[in-house]
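On a predicted model such as this, the values are computed, not experimentally measured, just so you know. By convention in this document, chain letters (A, B, ...) are assigned in the order of the sequence lines, proteins followed by strands, and residues within each chain are numbered from 1.
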Amino acid sequence: MKNYNFKKYNKKIYNKWIYYKYFNSNYNKDKKSYSLLLPPPNITGDLHIGHILNFTILDIYARIKRMKGYNVCWIPGTDHASIATVIKVLKELRKNGINVNNISKKQLKTFLFNWSIKYNKIIIDQLKSIGCSCDWDKFQFTLDKKNYNSVIKVFIYLYKKGLIYKKDRIINWDIVAKTTISDEEVIYKKQINYLYYIKYFTEDKKNFLVIATTRPETIFGDTAICINPKDKRYINFINKKVLVPIVNRLIPIITDKSVNINIGTGCLKITPAHSKKDFKIYKKNKKKIKIINIFNDDGTLNVNYKHYKGEDRFIVRKKIYKKLKKLGYLIKKEKIINKIGYSERSNTIIENKLSLQWYLKMKRFIKPTLKIIKRIKIFPKKKYINLFYKWIKNLKDWNISRQLIWGHKIPIYYYKKNVIIATSYKNAIKEIKKKYKKKIKKYDLKRDNNVLDTWFSSWILPIAVLNGINKKNNLFFNYYYPINLLVTGYDILFFWVLRMIMFSSFYIKKEPFKNIYFTGIARDNNKKKLSKSLGNYKNLYYLLNKYGADGVRIGILNNNYENDFIFNENLCLKGRNFINKIWNSFKVINKIKNLKTKYNKIKIEYRLIIKWFENLLNYNLYKLNFLLKNYKIYKSLIFIQKFFKNKFCSIYLEVIKHNKNYINNIIKKKTLDFYYILLKILHPYIPFITEYIWNIFKTKNNNNITISSLPKIKFFNKKIIKKFNYTFTFIKKLKKINLLKKNKKIFIYIKKNNFYKFRKDIYIPLLYKLSYIKEIRIKKKIINKSKYLFFCYKQHKFFLLKKYILLNKKIDNPKYIYKKINFYKNYLLNINNKLKNKKFILLAPKDVIMLEKKKKKDIEMKIFNLKKSLLN
RNA sequence: GGGUGGUUAGCUCAGUAGGUUUAGAGCGUUUGCCUUACAAGCAAAAGGUCACUAGUUCGAAUCUAGUACCACCCA
C-alpha cells in the first residue's frame with residue numbers, strides 16, 4: 001500500500017473503540033477522574049474550523065489522560081440555540097417556497113423538531129469522524145427532558161430568591177425572528193446615512209425649531225422636544241409647545257442636561273418608545289409626556305395615518321422625506337457616517353422597542369464570582385484574566401426572556417391577577433388550590449408565553465450535565481465535578497464562560513472548571529472570520545475526504561491558536577504529508593520487524609546511534625510533558641513533528657536502514673521499542689493511523705493503543721546528547737561548505753596534532769556514516785596548499801581536495817564574501833567595545849565575559865576564513 | 001470616545017523571569033538529486049540595523065515612556 005487508506009480504515013477503527021467501550025466512564029472510587037466538557041455546538045449547521053480546533057484539543061487531553069490511567073469522562077452534547085435555529089429553519093422554509101406567515105406555531109415547532117433531529121445526527125457523525133473520544137452514552141441535548149427540568153428548577157430557585165423580575169424597558173428587537181435579543185448580540189456597523197433637518201413650528205406657527213434626525217419616520221412617535229437648559233439659543237422656547245409636522249400633534253419642549261449642545265441643532269426629538277436615551281428622559285418627565293409605540297413586530301408601522309400603516313419602516317422613511325419636502329418642513333438632507341446596530345442572528349437593523357421582559361438581577365452574583373474565579377487556571381494566562389474582571393464590574397441585569405417557541409418555557413402561570421410559579425400546569429393548579437382554596441381547570445390558567453434565552457440553559461451546563469441540579473450532590477456529580485478542562489474560543493468568554501462561573505459560584509459555591517483554555521478565532525488569508533456567508537468556509541466532510549481525519553487534525557493544530565490564526569486548506573495538505581511520512585516510516589520498521597536476526601556483534605555506529613536516540617527520546621519526553629502541562633499544545637505538536645521527522649527519520653532511520661545484514665536482535669528490539677513509544681506520543685494527536693499501525697504490530701495481544709499507557713520518562717544524560725549534537729552540526733557545516741560531486745566519497749586531511757583532540761569531540765564512525773567523508777587522513781604537513789580548500793569548524797581545521805568538490809557559485813562569489821566580512825566586522829566592533837568597557841569587565845558575570853571572548857575568537861576566525869577563501 | 005493585543009526574513013509566526021542565539025522555525029523562492037521507506041520526498045542555499053525615538057543598564061529584539069501604523073472588543 002502506498003499511502004494510509006483513511007477512507008477504508010478510520011470508520012472501522014472508531015467503531016472498534018466504541019464496541020469495546022473504551023470511552024465510557026463510570027464512577028470508580030479506585031481511579032482518579034478526569035472530566036471534560038464539550039462546548040455544545042449549535043444545531044444550526046455543520047461544525048466549523050473553530051469547533052474542530054477546540055474539540056481536537058479536548059480530544060488530545062482526553063486521550064493523554066486516558067493513557068495516563070485516569071478515568072476520563074468526556075460528555076458530549078448539542079445546543080438548541082433558540083433564536084439562531086429559528087432563523088435557520090425559517091430561511092430553509094422560505095427557500096422551499098413556503099409562506100412563513102401562514103404557518104401555525106404547532107407546525108413550526110414540528111419543523112424545528114425535525115431540524116434538531118437531523119442536525120444532531122450530522123454533528124454527532126462529524127464529531128466521530130474527527131475522532132473525538134466522547135462517552136456517547138452520556139450525550140445530551142439542551143432541550144432534552146433532563147436539561148429541561150434542570151433549567152426550570154434553576155429558574156424557580158432564582159425566582160424564589162427574588163432575583164427574577166418583570167419590567168418595561170427599551171430592548172433590542174429583531175424584526176425577522178420577532179424576539180428581543182441581548183445587547184451582546186447587537187453588532188454595530190459603520191454606514192453612510194442621512195441627517196434630515198426638519199422644522200417644528202410653534203402653536204401660532206410664527207416661530208420654529210429645527211431638529212436634526214436620522215430617522216424621520218419616527219415623528220409619529222414624538223412626544224416632546226428636548227433641549228439643554230444651558231443652551232442660550234432656545235431659552236425662549238422652554239415650556240412652550242410645538243407641532244409635530246404632518247400629524248400636527250402638540251408636544252411640549254422640555255430640558256435635560258444629557259442633551260449635547262453640539263450635536264445636530266442641539267434640539268432632540270423625544271420618541272420614548274423607540275430609543276434608550278429618550279426613554280430615560282421620559283422617565284424623568286413622566287407627568288409631562290406620553291409614550292407612543294409606532295411599530296409592529298415585523299418593523300412595519302402601526303400608525304393610523306393614511307398610507308403609512310403596514311408599510312416597512314424604510315419605505316416610510318422615503319415617503320416621509322418626500323412629504324416633508326413637499327410641505328416645506330424640510331430644510332436640508334446631510335450625508336453622515338454613523339454606526340447602526342444589526343442583529344447578529346438575522347443581520348437586520350435592530351429596532352429599539354419598549355417592551356415588558358423578564359430580567360435577572362446580576363448584582364448578587366458578583367461577590368461569589370470574584371471569590372471563586374481565582375481558583376480557576378486560565379490559559380493563556382495574561383490575556384484573559386483582566387477581561388474577566390472588567391466584564392464583572394460592568395454587569396447589567398440580564399434580559400432572559402425571548403418571544404420564541406423554541407426553547408425552555410418560562411414556568412410562570414397567571415390566574416386572573418395572580419402569578420403562580422410551578423413546574424407544570426398540574427402543579428400550578430395544585431398550588432392555587434393550596435393558596436386560594438379554589439378549584440380551577442387548565443383553561444382558567446394562562447401560561448407566560450416567553451421562552452428563556454439560550455444562554456440560560458448554557459450557564460448551568462457544568463452542573464446540569466452531571467445531573468447536579470435534579471439530584472444535588474449525587475455520587476456521580478461529586479466524582480467528576482469540578483470539570484477538569486474546558487477548551488473554547490475567547491469570543492464566548494462573556495456569553496458563556498463567565499456566566500457559567502457566576503452560576504456555579506452562586507449556586508454551589510464551587511468553580512465549574514479547574515482549567516480553561518481559550519483559543520483564538522480562525523480567519524482566512526485576508527484576516528476575515530471564516531463564515532458561510534463570506535464563502536471562505538470549507539465543509540468539514542470535504543476536508544475529511546481529501547486529507548483524512550488525522551491530516552485535518554494536524555492541519556488545524558499547526559497554527560498558533562493562542563491568538564487569532566489564519567487557516568487555509570494548505571495546512572491540511574501539510575498535515576496529510578506528515579501522515580504520509582509516518583506511513584513510510586512504518587514500512588521501514590515493518591521490514592526490520594520481519595527480519596530474521598541473531599545475536600551477533602553490533603557495529604560501533606549502530607551502538608552509538610542507539611545510545612544517542614535513547615537519551616534524546618527520554619529528554620524529549622520530559623520536554624513534551626512540560627509543554628503539555630502548561631497547555632502549550634501548539635508547540636507540543638511542532639516539537640513532536642520535528643523530533644519524528646528530523647531526528648528519528650532523518651538520522652536514526654538513515655543510519656539503521658541500510659545494510660540489513662548488520663541488524664541483529666538488539667538493534668531490532670531497540671528500534672521497535674523506540675517506534676512504539678513514538679506511536680504512543682503521537683496517538684493523542686493523530687489517533688487513527690497510530691491505532692492502525694499499532695494493530696498490525698500487536699495482532700496477538702488484543703490491546704489497542706488507545707488504552708495503552710504512555711511511556712514513563714527514563715534517565716537521560718544531557719552531556720551525551722550535547723556531544724552527539726556537536727557531531728551532527730559538524731556534519732551539517734561540512735555539507736554546507738560545498739556541494740559534493742555526484743555519489744563520490746572523499747578524504748579530508750587533518751594535521752596530526754589536531755586529530756587527537758578532534759577524535760575526542762566528534763563521533764567519527766557517525767561522521768563516516770552520515771557525511772560524504774570516506775576517511776580522515778592524518779598529515780604532518782600540508783604541501784601545495786592551493787590544491788586544497790581550507791575548512792574550519794570551532795577549533796578544528798581541515799583540508800579538502802578541491803578537485804572532488806563542486807563549488808557553490810553564490811557562496812564563492814567575492815561580493816557575497818565581502819558582504820559577510822563586513823557584517824562580521826561590525827559585529828566584532830560591538831564585542832570589542834564591550835570588552836574594552838571597564839565597567840563591563842567589573843560588573844558582568846565571569847561566564848558572560850568568557851562567552852564574549854569566545855565569540856570574539858570565533859568571529860575573528862570566521863573573518864580570517866573568509867579572507868582566505870578570497871585568496872583562493 | 002474608552003479598552004486590549006500586536007509590529008522580528010517575501011508570507012505566517014517562535015523567542016528567554018535582559019547575557020548559552022554569533023536572532024530561530026515552517027511556508028514560499030533558488031540550487032542539486034528519481035538514492036530499494038517516502039518526489040505528498042531528500043540534501044542544501046539565499047533572505048533580518050527585531051516599526052521608530054528616547055530612557056534604565058556594564059549589556060536591550062527582550063524592561064520603561066512616547067510616536068506611528070494594524071487588529072479586535074466595548075459605548
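Within 4.0 Å of A/Lys645, counting heavy atoms only, lie sugar-phosphate atoms of the nucleic acid but no base atom. Across all strands shown, A/Glu860 has no heavy atoms under 4.0 Å from either base or sugar-phosphate atoms.
Remark: B/U4 base-pairs with B/A71. Criterion, Watson-Crick or G-U wobble with two distances under 3.5 Å. Pairing for B/C11 is with B/G26, a Watson-Crick or G-U wobble pair whose two hydrogen-bonding atom distances lie under 3.5 Å. In this structure, B/A54 forms a base pair with B/U64, meeting either the Watson-Crick or the G-U wobble geometry with both donor-acceptor distances under 3.5 Å. Pairing for B/U21 is absent, judged as Watson-Crick or G-U wobble with the two contacts each under 3.5 Å. Remark: B/C42 base-pairs with B/G32. Criterion, Watson-Crick or G-U wobble with two distances under 3.5 Å.
One finds a side-chain N or O of A/Lys855 lying less than 4.0 angstrom from the OP1 or OP2 phosphate oxygen of B/U20. Within the structure, a side-chain polar atom (N or O) of A/Asn563 is placed less than 4.0 Å from OP1 or OP2 of B/A14. The side chain of A/Lys581 contributes no N or O atom lying less than 4.0 Å from OP1 or OP2 of B/C38. For B/A40, neither phosphate oxygen OP1 nor OP2 lies less than 4.0 angstrom from any side-chain nitrogen or oxygen of A/Asn3. Contact between the side-chain N/O atoms of A/Ser650 and the OP1/OP2 oxygens of B/A43 is found at a separation under 4.0 Å. Note on A/Lys834: every side-chain N or O is 4.0 Å or more away from OP1 and OP2 of B/G59. For the pair A/Lys635 and B/G15, the criterion of a side-chain N or O lying under 4.0 Å from OP1 or OP2 is met.
For A/Tyr490, the listed nucleotide lying nearest its side chain is B/C72; candidates were B/C13, B/A37, B/C72. In this structure, of B/C13, B/U20, B/C58, it is B/C13 that holds the atom nearest to the side chain of A/Tyr634. Side-chain atoms of A/Asn577 lie closest to B/G41 of the nucleotides B/U20, B/C58, B/G41. Here B/A40 is the nucleotide among B/C42, B/G19, B/A40 with the atom lying nearest to any side-chain atom of A/Arg576. Comparing B/U22, B/C42, B/C58 by their nearest atom to the side chain of A/Asn837 picks out B/C58. Of the candidate nucleotides B/A40, B/C38, B/G19, B/G19 has the atom nearest to the side chain of A/Val848. Listed candidates were B/C58, B/A25, B/U12. Nearest to the side chain of A/Lys642 is B/A25. Proximity note for A/Asn580 (side chain, C-beta onward) versus B/U12, B/A40, B/A37: the nearest is B/A40. Which of B/C38, B/G19, B/C13 sits closest to the side chain of A/Asn560 comes down to B/C13.
Base orientation of B/A17: syn, since the glycosidic angle falls within 90° of 0.
Cation-pi geometry between A/Arg499 and A/Phe494 is satisfied (NZ or CZ under 6.0 Å from the ring centre, within 45° of the ring normal).
Position along RNA chain B of the nearest nucleotide to A/Lys574 versus A/Ser585 favours A/Lys574 as the more 5'-ward residue. Toward the 5′ end of RNA chain B lies the nearest nucleotide of A/Lys632, the other residue of the pair A/Lys632 and A/Asn570 mapping further downstream.
One atom, CD1 of A/Ile170, and another, C1' of B/A75, lie 18 Å apart when rounded to the nearest Å. To the nearest angstrom, C1' of B/U56 lies 15 Å from CG of A/Leu843. Rounding to whole angstrom units, CG of residue A/Asn559 and C1' of B/A14 are separated by 13 Å. Summarising the geometry, the separation between CD on A/Glu654 and P on B/G41 is reported as 15 Å, rounded to the nearest angstrom. Taking atom NZ of residue A/Lys854 and atom P of nucleotide B/G19, one finds them 17 Å apart after rounding to whole Å. Rounded to whole Å, atom C1' of B/G15 lies 14 Å from atom CD1 of A/Ile638. The distance from atom CG of A/Asn558 to atom P of B/A40 is 20 Å, rounded to the nearest whole Å. B/A37 atom P lies 15 Å from atom CZ of A/Phe644, rounded to whole Å.
With hydrogens and angles left out, the side-chain atoms of A/Asn590 and A/Tyr675 include no donor and acceptor closer than 3.5 Å. Under the 3.5 Å distance criterion, with hydrogens and angles disregarded, no donor-acceptor pair is assigned to the side chains of A/Asn54 and A/Tyr561. Between the side chains of A/Thr690 and A/Tyr685, no donor N or O sits under 3.5 Å from an acceptor N or O.
Residues A/Phe716 and A/Tyr619 place their aromatic rings such that the two centres sit under 6.0 Å apart.
Between the P atoms of B/G66 and B/G2, the separation comes to 14 Å (whole Å). The C1' atoms of B/U30 and B/C70 are separated by 32 Å, rounded to the nearest whole Å. Across B/U67 and B/C42, the matching P atoms stand 50 Å from one another, rounded to whole Å. B/C34 and B/G41 have their C1' atoms separated by 10 Å, given to the nearest Å. Only the C1' atoms considered, B/C52 is 11 Å distant from B/U7, to the nearest whole Å. Rounded to the nearest Å, the gap between the P atom of B/A14 and that of B/U8 is 10 Å. Between the C1' atoms of B/G32 and B/A54, the separation comes to 50 Å (whole Å). Using C1' as the reference atom, B/A40 and B/U4 are 42 Å apart when rounded to the nearest Å.
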* Would you sort out whether A/Thr519 and A/Thr488 count as a side chain to side chain contact (heavy atoms under 4.5 Å, CB included), showing the intermediate values? => CA-CA 6 Å; A/Thr519 61; A/Thr488 182; over 6 Å; no
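Using a 4.0 Å cut-off between charged nitrogen and carboxylate oxygen, A/Lys855 and A/Glu852 count as a salt-bridge pair.
Results of the side-chain contact (heavy atoms from CB on, under 4.5 Å) test with A/Lys632 over A/Leu624, A/Leu637, A/Leu627 single out A/Leu627 as the only residue that passes.
Applying the 3.5 Å distance criterion, the base of B/A14 shares no donor-acceptor pair with the side chain of A/Glu562.
With values rounded to the nearest 0.5 angstrom, A/Ile656 atom CD1 is found 7.0 Å from A/Ile609 atom CD1.
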